[in-house]
Trainee: 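Okay, here's the structure, questions in a sec.
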There are 2 protein chains.
Amino acid sequence: MTEKTRRRASSKGKTLDLIRSAGPISRVELAELTGLTQATISTVVRELLADGVISETGRGESTGGKPRMRLEINPASRLAIGVHVGQDYITYVVADLGGTVVGRTRVDGPGDASPITIVGRMSDDIESLIIGLDLDRASIVGMGLAIPGPVDRENGTVRGVPSLAGWSDFPIRKALATSTGLQCEFDNDATAAAIGEYWLGATEGYGTYASVYMGSGIGSGIVIDGTIYHGVSSNVGEIGHTSVDARGLVCPCGNIGCLEMYAGPRAVVEKAADAVANGTLDIPLTGRISVDFAAIGSAAEKGDGAARALIEESAEYLASALVSMVNLLDLQLIVLAGSAFATAGSTYVQIISRILAERTLARGIHGVEVRMSVNGNDAAALGAATLVLQDRLSPRSLRSVTFA
Amino acid sequence: MTEKTRRRASSKGKTLDLIRSAGPISRVELAELTGLTQATISTVVRELLADGVISETGRGESTGGKPRMRLEINPASRLAIGVHVGQDYITYVVADLGGTVVGRTRVDGPGDASPITIVGRMSDDIESLIIGLDLDRASIVGMGLAIPGPVDRENGTVRGVPSLAGWSDFPIRKALATSTGLQCEFDNDATAAAIGEYWLGATEGYGTYASVYMGSGIGSGIVIDGTIYHGVSSNVGEIGHTSVDARGLVCPCGNIGCLEMYAGPRAVVEKAADAVANGTLDIPLTGRISVDFAAIGSAAEKGDGAARALIEESAEYLASALVSMVNLLDLQLIVLAGSAFATAGSTYVQIISRILAERTLARGIHGVEVRMSVNGNDAAALGAATLVLQDRLSPRSLRSVTFA
DNA sequence: CCGGCTTACTTCACTCACTTTATTAAGCCG
DNA sequence: CGGCTTAATAAAGTGAGTGAAGTAAGCCGG
């Protein structure tokens, strides 16, 4: 990425975004969609062609004159590595420009190991991934890191993530960049998932939407007019700590009636444990939240009434919080991502859709679509990878413009 | 407003904003604050001087070299008329560039009159206001209209505001523009109040914040990085219809446990009526919500225990919804506006501040300021006026940039 | 099969909002 | 008063865009 790439960044990124998402497309159409003139598009496209990120792939039908040249993205021309550090696993993916996962691995989570150890392990894992897949190092534009909790993007540190206790204030971003030799972006996993969704075209047509990421906790990422919203301190989208009962349970976070206490995997598993003790539910519980939650989900999908009741309750609480969020932000699309939706996702989609259609204030004006992430279990890791692609190739959409 | 004004609009608006809010300020300081060069500021300032909206008002101290020229806004150079159509009253204000209210009137609310009648009445009222104050028509840049409920800004219509039943789909904006001969902006009252707060410098230093407007209902306006957030259909900020109890009371809006059912003026007055019936509270109730709510508020401020309990309960519920909002949007400032805060505002500020300090997720990183609007009862009308000032003079900050 | 028509794309001169560099203006201080 | 410092303006340059004219490539009708 030379100086040339950074200049004209906004139009170039916007144009590339369109070529990516609107499939094979001609210069004329690009001009119409971007609002730029054909002349400008002509030069922008020339640069993109020179960069090798797009190519001309034949001509279209003639409509009476010279036929349009079809432009398509060159997926393999740029690669990014995405890493999601979950509670139980660390997931690695290699994604190309088209959002295709070129390779992936999953290893055990960080546990109690020191951040220095983990950084070493991670760069080794990345190194073997690159070698194993025989990737062209020149095409790797960087790596992204997604973390389940608040990040300090300015300083490149994690702070106060319960599952990453020893990481507070460790300069993880810089450490990873040094040890891998790659530029390193990082963000909250829900935010990463939201960007990933955008990048993969699943949000096509919607510039404003939210992702809900349920892993061990519940987070969300908010995209406004194509720009990820970071708030004043990147502590954004904590839908898991919105109150669904002002006089309800006290959450360890200090708030009262937090959604996570009712709808989160831990809450569901705890209720399931009670039900098992009562004999109303028959599922072998292991004590590992993610495993047990998946077991409840699959029992529910198979028709176990008690299990289904638990999932439904969780979905209803989540839906309630989402109605509030939609009423506050006037959203039209919500994308569900994260491992917790892996087994019973469709039930969640169904119930949330229904409740939103019944209860949002603007329901007479527009509905709210609820979709499962197209990225499934890898949403956060893939999102992390797209963080880099987005930053390197369409900077305009990633960083919010700060006023004065 | 010739072509000249529209060009360079963004820098010019930004600069004017700074001159307005940062008081007398020199070109050098403007350059530092905007990030533009001194040369650019020089030309922008020249244009603003030519427009007559600012003037040079003496020189500052020398710091070893040529002393800086102090630039100040020329408040009287531009005026805007703001109208708030509340349930009980229609409020008119004339505001100048400095946010000073040059004149105001308040008349009875629209009641059941047809929108055409109201438009006639309103343009008459505006006309007499202009004549009564002997305003220079050339300096009036337009009028703004604030309405308690969702608006369709694209088509300039109101839709589904309970207190304005007959107004749905009536082209109120166009009608007013024609009958008054003024350009007409309009928006939700909470949003207008939020912009008003920004314009008046009360949010100084905070580009991202929310206003809570409590009149008959509870709404809010959200400003992100200096840009008002409108959502996909301007149905934004409906904090009154966020759920504070997922298994609570059914709201007429169709949602369950809406904040308004617990904390809104109507809810408080109804509880007060019960208390009066029980003999635990002794306040004469009139049946008019706004009057009765004010009476409860002033009783509470005077130390009546039962009244205070009612206000505290309302504040606690509102605070609960605000904790959720802060956790979702990572805000640093919340401004309370609207007639309902007129009597017991300080109690609300106190309770909400305390609860936010105890319960928000990011409380270790940054606190949340809670302030009463500096505009008191006129916040929405004044906000409506600033809608116009903002649009004519700092277009960049008002309209959100749409992506693609 | 050739010229005219249509449509796609490129070239080129210009604009506009800015920047960088240099110059002038205006104060202070020894 | 001349040297120093700082403020403001002037002049030339830059980069992303525009608009208008030119070129390329297909179709179509005689």
Side-chain angles (χ1 to χ4, degrees), chain A residues 2-16 18-19 22 24-51 54-72 394-396 401 404, chain B residues 2-16 18-19 22 24-51 54-72 394-396 401 404:
Chain A
T2 56
E3 300 112 46
K4 222 178 190 173
T5 318
R6 220 165 315 149
R7 278 188 276 129
R8 208 195 303 264
S10 119
S11 298
K12 215 166 152 178
K14 209 167 161 180
T15 308
L16 185 58
L18 273 171
I19 299 175
I25 188 173
S26 69
R27 289 171 179 79
V28 191
E29 291 166 288
L30 285 172
E32 276 164 18
L33 289 167
T34 56
L36 300 171
T37 58
Q38 292 188 21
T40 306
I41 290 296
S42 183
T43 61
V44 168
V45 164
R46 187 170 37 245
E47 285 181 36
L48 290 171
L49 284 167
D51 290 350
I54 63 170
S55 28
E56 296 189 319
T57 58
R59 56 200 64 188
E61 299 269 293
S62 164
T63 56
K66 175 175 174 178
R68 308 170 170 196
M69 265 297 187
R70 271 206 281 262
L71 301 167
E72 247 172 295
S394 332
R396 181 208 139 98
V401 189
Chain B
T2 56
E3 300 112 46
K4 221 177 189 176
T5 317
R6 218 166 315 147
R7 278 188 276 129
R8 208 196 303 266
S10 120
S11 296
K12 215 165 151 179
K14 210 168 164 179
T15 307
L16 186 58
L18 274 170
I19 299 175
I25 188 173
S26 70
R27 290 171 177 78
V28 190
E29 291 166 287
L30 286 171
E32 277 165 16
L33 290 168
T34 55
L36 300 170
T37 58
Q38 293 187 20
T40 306
I41 289 297
S42 184
T43 60
V44 168
V45 164
R46 187 168 37 245
E47 284 181 35
L48 290 171
L49 284 167
D51 289 351
I54 61 169
S55 28
E56 296 189 319
T57 58
R59 55 200 64 188
E61 299 268 293
S62 163
T63 56
K66 176 175 173 177
R68 307 170 170 195
M69 265 297 186
R70 271 206 281 262
L71 300 168
E72 248 172 295
S394 333
R396 180 208 143 98
V401 190

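Naming: A, B, ... by sequence-line order, numbering from 1 per chain.
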Trainee: Side chain of A/Gln38 only, heavy atoms from C-beta on: which candidate in D/dA8, C/dT10, D/dG26 is closest?
Mentor: C/dT10
Trainee: Checking contacts here: which listed nucleotide (C/dT19, C/dA8, C/dT11) is nearest the side-chain heavy atoms of A/Arg46?
Mentor: C/dT11
Trainee: Which nucleotide wins on minimum distance to the side chain of B/Pro67, given the candidates C/dG27, D/dA10, C/dA25?
Mentor: C/dG27
Trainee: Just checking A/Ile41: base, sugar-phosphate only, or nothing, at a heavy-atom cut-off of under 4.0 Å?
Mentor: nothing
Trainee: What's the closest nucleotide to the A/Ser42 side chain, out of D/dA25, C/dT19, C/dT10?
Mentor: C/dT10
Trainee: Run the salt-bridge test on B/Arg27 and B/Glu56 with the 4.0 Å N-O cut-off and return the result as yes or no.
Mentor: yes
Trainee: With the side chain of A/Arg68 defined as its heavy atoms from C-beta on, choose the nearest nucleotide among C/dT19, C/dA26, C/dC9.
Mentor: C/dC9
Trainee: Given atom CD of A/Glu47 and atom P of D/dG15, what is their separation to the nearest angstrom?
Mentor: 12 Å
Trainee: Counting heavy atoms from C-beta on, name the nucleotide in C/dT19, D/dA8, D/dG19 closest to the side chain of B/Met69.
Mentor: D/dA8
Trainee: D/dG17, C/dA26, D/dT18: which one has an atom nearest the side-chain heavy atoms of A/Thr37?
Mentor: D/dT18
Trainee: State which of C/dC18, D/dG17, C/dC9 makes the closest approach to the side chain of B/Thr40.
Mentor: C/dC18
Trainee: Please report the distance, rounded to the nearest Å, between CZ in A/Arg59 and P in D/dA25.
Mentor: 7 Å
Trainee: Quickly work out the B/Lys66 NZ to D/dT6 P distance and round it to whole Å.
Mentor: 14 Å
Trainee: Quick check: on DNA chain C, is the nucleotide nearest A/Thr63 upstream (toward 5') of the one nearest A/Arg27, or the reverse? Name the residue that is more 5'.
Mentor: A/Thr63
Trainee: Which pair of non-hydrogen atoms, one from A/Arg70 and one from A/Arg59, has the smallest distance, and what is that distance?
Mentor: NH2-O, 3.8 Å
Trainee: Between B/Ser11 and C/dC18, does any side-chain N or O lie under 4.0 Å from OP1 or OP2?
Mentor: yes
Trainee: Checking contacts here: which listed nucleotide (C/dA8, D/dT18, D/dA8) is nearest the side-chain heavy atoms of A/Val28?
Mentor: C/dA8
